[in-house]
Amino acid sequence: MKSVITGSGIGVPKNVVRNEALTRLMDTTEEWIRTRSGIEERRYADPGQGSAELGSIAAEAALADARRSKKEIDAVIFATMTPNFYFPGNGPVLQAKMGFPETIPTFDIRQQCSGFLYGLDLADSLIQSGKYRRLLLIGADVHTPFMPWEMGWESTIGGTARELTPEEYAFNTSIRDRTVLFGDGAGAVVVESSEDGDRGFIAAKLFTDGSNIEALYVPGVGFRRRPYVDKEQVERAEPIPVMEGREVFKQAVSRMPESVRAVCAAAGVNVTDIDLLMVHQANLRIVEGVGKALALPSEKVPHNIERYGNTTAGTLPILYHECVRDGRIKPGMLICFTALGSGLHWGAALYRT
Ligand SMILES: CC(C)(COP(=O)(O)OP(=O)(O)OC[C@H]1O[C@@H](n2cnc3c(N)ncnc32)[C@H](O)[C@@H]1OP(=O)(O)O)[C@@H](O)C(=O)NCCC(=O)NCCS
C-alpha cells in the first residue's frame, strides 16, 4: 500500500509586489534583490487575509482537483509557522471556515520552511498505520505581518505612497536582508492510500539540529518571557525574525544535498535517477547550488521563487502544483522533495508519480 497525492491546489494573494516597490521603502535596488536571491516579485496578502484564509483557498482547490468531498477526508494536517492565532492553530480555523465535519481531526504542525516536507512524512505515516485513508495536507505562511506596516508599507498593496521619514527609511533598511526575501502563499495536497502499483510515497529522511537556533528565529514573543510579549519587546523590534543569512545559506547548500543522498541510499536508487528535484524556494542561488551539488541538470530542478519569493511552508506545494499544471510532472517520474529551514529542520522525501 502506498500514499499517493491525488490532487493539489494553491492559494496566493492577488497583490503582486515587484522589487521596484520595495526600493521606495529602504536602501535596496531591484538588481540587488534579483541577483542575490532570484526574486523578481512576491505576493502580499490583503489585510485580514491570514495563512488560514490562503490555506482554505488552496485546500478547496486541492479537494476539487482530487474530486473529493470534505466528508471523504479522514484528517487534516496544517503546516504553518504563522497561524491566524497564537493558539489554537490553523486546524480548527480551517475546519470552521471550510465546514469540515467535526468528526475529522486536525493536526497543527510548524517546522517552518520544512513544514510541508514533515507534513508529507506524517501523512504517509498516518496512512501506513492504517488509521486514516485520506488526508488533506496544507502548507501556508504569511510574512507580511512581520513587516513594519506603520513605516509606509501600505503603498506596496495599492495604498498611497508617502515620503518616509529618515528614521522610517533607516528602520526598513535595517531589516532589508529579510523583508525582500519573503512573500505570502499556500499550497495543499490530498494524500490517499492506494494499491496503484509503484505510484506513491517511497521514503523520507528528516533531520533536526537545534544547536544554533539563533541562526533563524524570532527572539521576542516567547513563553520563557514574562509576560510573553510586552511594549519594550515591540520597541526593540523583537517580534521580527532574526537571520544569519550566510550561515543559513551555507547550511542549506550542504544539508539538503546530504539528505537527498541519504534518502536515495535508503530507497536503493541513484541520485541521477531523480527526474525532478523540488527544492524549497528560499533563494535561487540555493536552489541552483543544491542541484549543482547533486550534479543534476538545471531542467531537473524547477523553480518559481522569481514570482513568489519564499513562502515558507507554501513553497513546495505551490511548486508541485505548478509543475503538475504545466506538464513538467508526468506519470512514472521519480520526484524528490527537499527543504531546510528554521530549527534547523531539514530533509528529503522520494515520491513516484
Ligand atoms: C540573505 C541573503 C540573500 C544575503 O545574500 P549574501 O550574498 O549572503 O549577502 P551578504 O549577507 O554577504 O551581504 C552583502 C551586502 O549586502 C547588503 N544587503 C543585505 N540585504 C540587502 C538588500 N535587501 N539590499 C541591498 N543590500 C543588502 C548587506 O548589508 C551587505 O552589505 P555590507 O557588505 O556592506 O555589509 C543570503 O545570505 C541568503 O539568501 N541566505 C539564506 C536565507 C534563507 O534562505 N532564509 C530562509 C531559510 S528557509
Side-chain angles (χ1 to χ4, degrees), residues 17-42 79-82 110-118 139-143 146-148 151 153 156 169-185 206-210 212-218 240-257 259 278-290 293 303-306 308-319 337-348:
V17 178
R18 295 195 54 80
N19 292 345
E20 289 82 1
L22 301 182
T23 66
R24 293 194 284 274
L25 298 172
M26 64 187 95
D27 182 12
T28 191
T29 62
E30 195 288 321
E31 197 211 348
W32 192 97
I33 303 171
R34 188 170 29 80
T35 56
R36 298 293 182 114
S37 71
I39 299 163
E40 294 168 23
E41 60 190 38
R42 73 286 292 139
T80 185
M81 64 165 196
T82 53
R110 299 184 8 159
Q111 280 72 36
Q112 297 67 246
C113 294
S114 300
F116 182 78
L117 181 72
Y118 268 66
D141 273 297
V142 285
H143 296 91
F146 286 126
M147 317 287 181
M151 310 262 181
W153 287 70
T156 60
Y169 191 80
F171 183 78
N172 287 337
T173 300
S174 72
I175 54 172
R176 65 183 177 177
D177 58 317
R178 284 145 279 167
T179 46
V180 300
L181 299 180
F182 293 93
D184 302 336
L206 303 182
F207 303 86
T208 298
D209 177 3
N212 188 13
I213 283 172
E214 288 80 8
L216 184 50
Y217 81 128
V218 177
I240 295 178
V242 164
M243 180 178 80
E244 292 171 29
R246 283 184 203 178
E247 174 60 19
V248 176
F249 194 103
K250 208 175 74 192
Q251 293 287 340
V253 292
S254 57
R255 302 295 207 173
M256 282 193 273
S259 60
M278 317 284 284
V279 184
H280 167 57
Q281 306 285 295
N283 184 321
L284 183 58
R285 291 188 293 138
I286 293 176
V287 174
E288 289 173 348
V290 172
H303 52 84
N304 59 7
I305 187 166
E306 54 277 13
Y308 297 115
N310 183 350
T311 57
T312 296
T315 74
L316 284 179
I318 295 173
L319 184 65
F337 295 94
T338 186
L340 174 137
S342 167
L344 296 175
H345 296 290
W346 72 97

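This one's a predicted model, so the numbers in the text were calculated from it and none came from an experiment. For this chain, numbers begin at 1 and follow the sequence in order. Order of listing sets the numbers, starting from 1, for every ligand and every atom in it.
The ligand atoms of ligand 1 that sit less than 4.0 angstrom from a heavy atom of V180 are 23 (N). Short contacts between ligand 1 and C113, defined as distances under 4.0 Å to a heavy atom of the residue, involve ligand atoms 48 (S). With ligand atoms numbered from 1 in the order given, ligand 1 contributes 44 (O) to contacts under 4.0 Å with heavy atoms of A282. Of all atoms in ligand 1, listed by their number and element, those nearer than 4.0 Å to a heavy atom of I286 are 41 (C), 44 (O). Of all atoms in ligand 1, listed by their number and element, those nearer than 4.0 Å to a heavy atom of D177 are 1 (C), 19 (C), 20 (N). For ligand 1, the atoms sitting less than 4.0 Å from at least one non-hydrogen atom of N310 are 46 (C), 48 (S), numbered in the order shown with element in parentheses. For ligand 1 and L340, the ligand atoms under 4.0 Å from any heavy atom of the residue are 48 (S). Ligand-side atoms of ligand 1 in range of R36: 6 (P), 7 (O), 9 (O), 14 (C), range being under 4.0 angstrom from any heavy atom.
From the protein, the heavy atom lying nearest to atom 43 (C) of ligand 1 is V248 CG1, 3.8 Å. Scanning the protein heavy atoms around atom 5 (O) of ligand 1, the nearest turns out to be R285 NH2, 3.5 Å. Closest to atom 41 (C) of ligand 1, if we only count protein heavy atoms, is G245 O, 3.5 Å. At the shortest separation from atom 33 (O) of ligand 1 among protein heavy atoms lies R246 NH2, 4.9 Å.
Between the choices W346, W32, F249, the shortest heavy-atom distance to atom 21 (C) of ligand 1 belongs to W32. Of the listed residues (E244, M26, R176), the one carrying the non-hydrogen atom nearest atom 31 (O) of ligand 1 is R176. Considering each of E31, Q281, M243, the one bringing a non-hydrogen atom nearest atom 1 (C) of ligand 1 is M243.
Looking at ligand 1, you won't find any N or O of H280 less than 3.5 Å from one of its N or O atoms. For ligand 1, the polar-atom distance check finds an N/O of T28 within less than 3.5 Å of one of the ligand's N/O atoms. Remark: ligand 1 and N283 share an N or O pair separated by less than 3.5 Å (distance only, no angle test).
Residues forming a side chain to side chain donor-acceptor pair (under 3.5 Å) with E247 (at least two apart in sequence, or on another chain): K250, Q251.
For atom 29 (O) of ligand 1, the protein comes within 4.0 Å by at least one heavy atom.
The line from CZ of R42 to CG of D184 is 10.5 Å long, rounded to the nearest 0.5 Å. With rounding to the nearest 0.5 Å, the separation of CZ in F116 from NE2 in H280 is 13.0 Å.
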Inset, instruction - Please step through side chain to side chain contact (heavy atoms under 4.5 Å, CB included) for the pair L25 and T156, ending with a clear verdict. - result: CA-CA 9 Å; L25 298 172; T156 60; 3.7 Å; yes
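W346 and F207 have parallel rings, their planes meeting at less than 30° on a 0 to 90° scale where 60° marks the start of perpendicular.
Within the 4.0 Å heavy-atom shell around ligand 1 one does not find I33.
Under 4.0 Å from ligand 1, not a single heavy atom of T312 appears.
Sorted by first then second residue, the salt bridge (charged side-chain N to carboxylate O under 4.0 Å, His left out) pairs that include residues 169-180, not counting sequence neighbours, are D27-R176.
Side-chain contact check for D141 and T80: at least one donor-acceptor pair (N or O, by modelled atom type) lies under 3.5 Å.
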